[in-house]
Amino acid sequence: MMIDILLATYNGENFLAEQINSILAQTFDEWRLLIRDDGSTDATRQIITDFFQRYPDKIVVIDDTDKNLGVTHNFERLMEHSNAPYVMFCDQDDIWFPDKIEKSLQALHQMEQRYPSPIPLLVYTNLSVCNAEGIKIHDSFWEYQKINPHLPCDYTKALLQNNATGNTMIFNRALIDQALPFPKEAVMHDWWTALVALYLGKITLLTQPTLLYRQHEKNVSGPKGTKLFPLLKKGLTYCAILKNAILQSKSFLDRYQTILTHKQIGILEVFGAILKQNRFLRAIHLLRHRFLSWSDFKDIVKFVVLLVCSREKQK
């Protein structure tokens, strides 16, 4: 098959069937669906079995003894089993628009024409937001979250925040070859994948939504709006998020240093050392290297939190 769709599941009985049916309804049909469950305790595994029995030529179930790997390494395991030239991530609770694969693949083919050498290539798209019942509540996730969709294309800003959501991605085999295995420091599967595409290849975006991004109580992650108090509450834990992002960037530099440019190495070194600086130098580096986009109030919160995080001890 031309495309492997990687679906990582865990206790997704409520919405899984609707997601799989939206894949089966795609206008482009040269795909296979690889599913790996991470130890569900609800009816998820039975739903997977039912679909596999009905569509054995389209669905592959990865059944191993490992459980509770977590979302990042569940997707990593699926990537290890993939052998198609193109790959897409798939969440268990969304609804794909019928032409999602067709339009995403077309955009990736256009990238291949511009960059004919076998380098990592990735396309990500906008997405619409819906409620638990699948009713659309906003046309654009980017507008709903008030985020800059171009951040994943920026060397500095992509280190601090990932706005290329995995459920919209399509990428090529060269990217998988470079990205695997995920280090233990990888914060999320899509963030690490986007960084590999950005620093070692090319990444681009489609402004058109390709799916309904469902919001419900059990979401692993997702948009929460931009009201003041939720942001301040999030700010209380942002130091931990920042430290994880720094560990991820250090791991990235350690692995790829020999094939990165001097500019890329410099950016990664500065970011990796940001908490080793006093607060004055920290502010200087954040502003000089433009790690924040200053697109809305969230960036002000991030800037303040970055300054008040405790200084990392020198080793």
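We use all heavy atoms of the structure for the numbers below, so side chains are in, but hydrogens, waters and symmetry mates are not.
- For the atom pair CG (Asp154) and CG (Asn148), the distance works out to 8.5 Å, reported to the nearest 0.5 Å.
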For a quick test of your reading: what N or O donor-acceptor pairs under 3.5 Å do the side chains of residues 50-59 make, sequence neighbours left out?
from  : atom 1 : to    : atom 2 : distance (Å)
Asp50 : OD1    : Gln46 : NE2    : 2.8
Lys58 : NZ     : Asp29 : O      : 2.6
Lys58 : NZ     : Trp31 : O      : 2.7

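- Residue Arg288 places its CZ atom among 12 or fewer non-hydrogen atoms of other residues, nucleotides or ligands, all under 6.0 Å distant.
- In terms of the side chain to side chain contact (heavy atoms under 4.5 Å, CB included) criterion, residue partners of Lys250 (sequence neighbours excluded) are, by chain and number, Ile246, Lys276, Glu312.
- Here Arg77 does not pair with Asp38 in a salt bridge; the nearest charged N to carboxylate O distance is not below 4.0 Å.
- Side chain of Asn172 to main chain of Leu121: a donor-acceptor pair is present (N/O by atom type, distance under 3.5 Å, no hydrogens or angles).
- Judged by distance alone, the side chains of Asp37 and Ser40 do bring a donor and an acceptor atom under 3.5 Å apart.
- Side-chain atoms of Lys103 and Gln208 include a donor-acceptor pair closer than 3.5 Å.
- In this pair, His138 and Tyr144 present their aromatic rings tilted. The plane angle is within the 30 to 60° band.
- The only option from Asp93, Asp190, Leu127 that meets the side-chain contact (heavy atoms from CB on, under 4.5 Å) definition with Asn167 turns out to be Leu127.
- At distances below 3.5 Å, at least one donor-acceptor pair connects side-chain atoms of Asp4 with backbone N or O atoms of Asn83.
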Sequence neighbours left out, cut at 3.5 Å: what donor-acceptor pairs do the side chains of residues 15-25 make with other protein atoms?
from  : atom 1 : to     : atom 2 : distance (Å)
Glu18 : OE1    : Arg214 : NH2    : 2.8
Gln19 : OE1    : Ser22  : OG     : 2.9
Gln19 : NE2    : Asp91  : O      : 2.7
Asn21 : ND2    : Ala17  : O      : 3.1
Ser22 : OG     : Gln19  : O      : 2.6
Ser22 : OG     : Trp96  : N      : 3.0

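- Atom SG of Cys309 is separated from atom CD1 of Ile274 by 11.0 Å, given to the nearest 0.5 angstrom.
- Of the possible polar contacts, none joining the Gln277 side chain to the Arg282 backbone as a donor-acceptor pair under 3.5 Å is found.
- The line from OH of Tyr256 to CG of Leu200 is 6.0 Å long, rounded to the nearest 0.5 Å.
- Here Ile3 contributes atom CD1 and Ser104 contributes atom OG; the two are 8.0 Å apart, rounded to the nearest 0.5 Å.
- Judged by distance alone, the side chain of Arg173 and the main-chain N or O of Ala84 form a donor-acceptor pair under 3.5 Å.
- One side chain, Glu76 or His73, offers a donor N or O that lies under 3.5 Å from an acceptor on the other.
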Contacts table for residues 192-199: side-chain donor-acceptor under 3.5 angstrom, sequence neighbours left out:
from   : atom 1 : to     : atom 2 : distance (Å)
Trp192 : NE1    : Ala179 : O      : 3.2
Thr193 : OG1    : His189 : O      : 2.7
Tyr199 : OH     : Tyr155 : O      : 2.7

(request) Take Phe89 and Phe171 through the test ring pair (Phe, Tyr, Trp, His ring centres under 6.0 Å) and record every step on the way to the result. (result) CA-CA 9 Å; Phe89 290 137; Phe171 46 92; 5.1 Å; yes
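- Using modelled atom types and a 3.5 Å distance limit, the side chains of Thr9 and Arg45 yield no donor-acceptor pair.
- To the nearest 0.5 angstrom, Cys90 atom SG is 8.5 Å from Ile35 atom CD1.
- Applying the 4.5 Å side-chain rule to ILVMFWY residues, one finds Leu281, Ile284 in the same cluster as Phe280.
- Here Leu122 contributes atom CG and Met111 contributes atom CE; the two are 7.5 Å apart, rounded to the nearest 0.5 Å.
- Using modelled atom types, one side-chain atom of Thr44 and one backbone atom of Gly12 make a donor-acceptor pair closer than 3.5 Å.
- Residues that satisfy the ring-ring contact (aromatic ring centres under 6.0 Å, His included) test with His285, not counting sequence neighbours, are His289.
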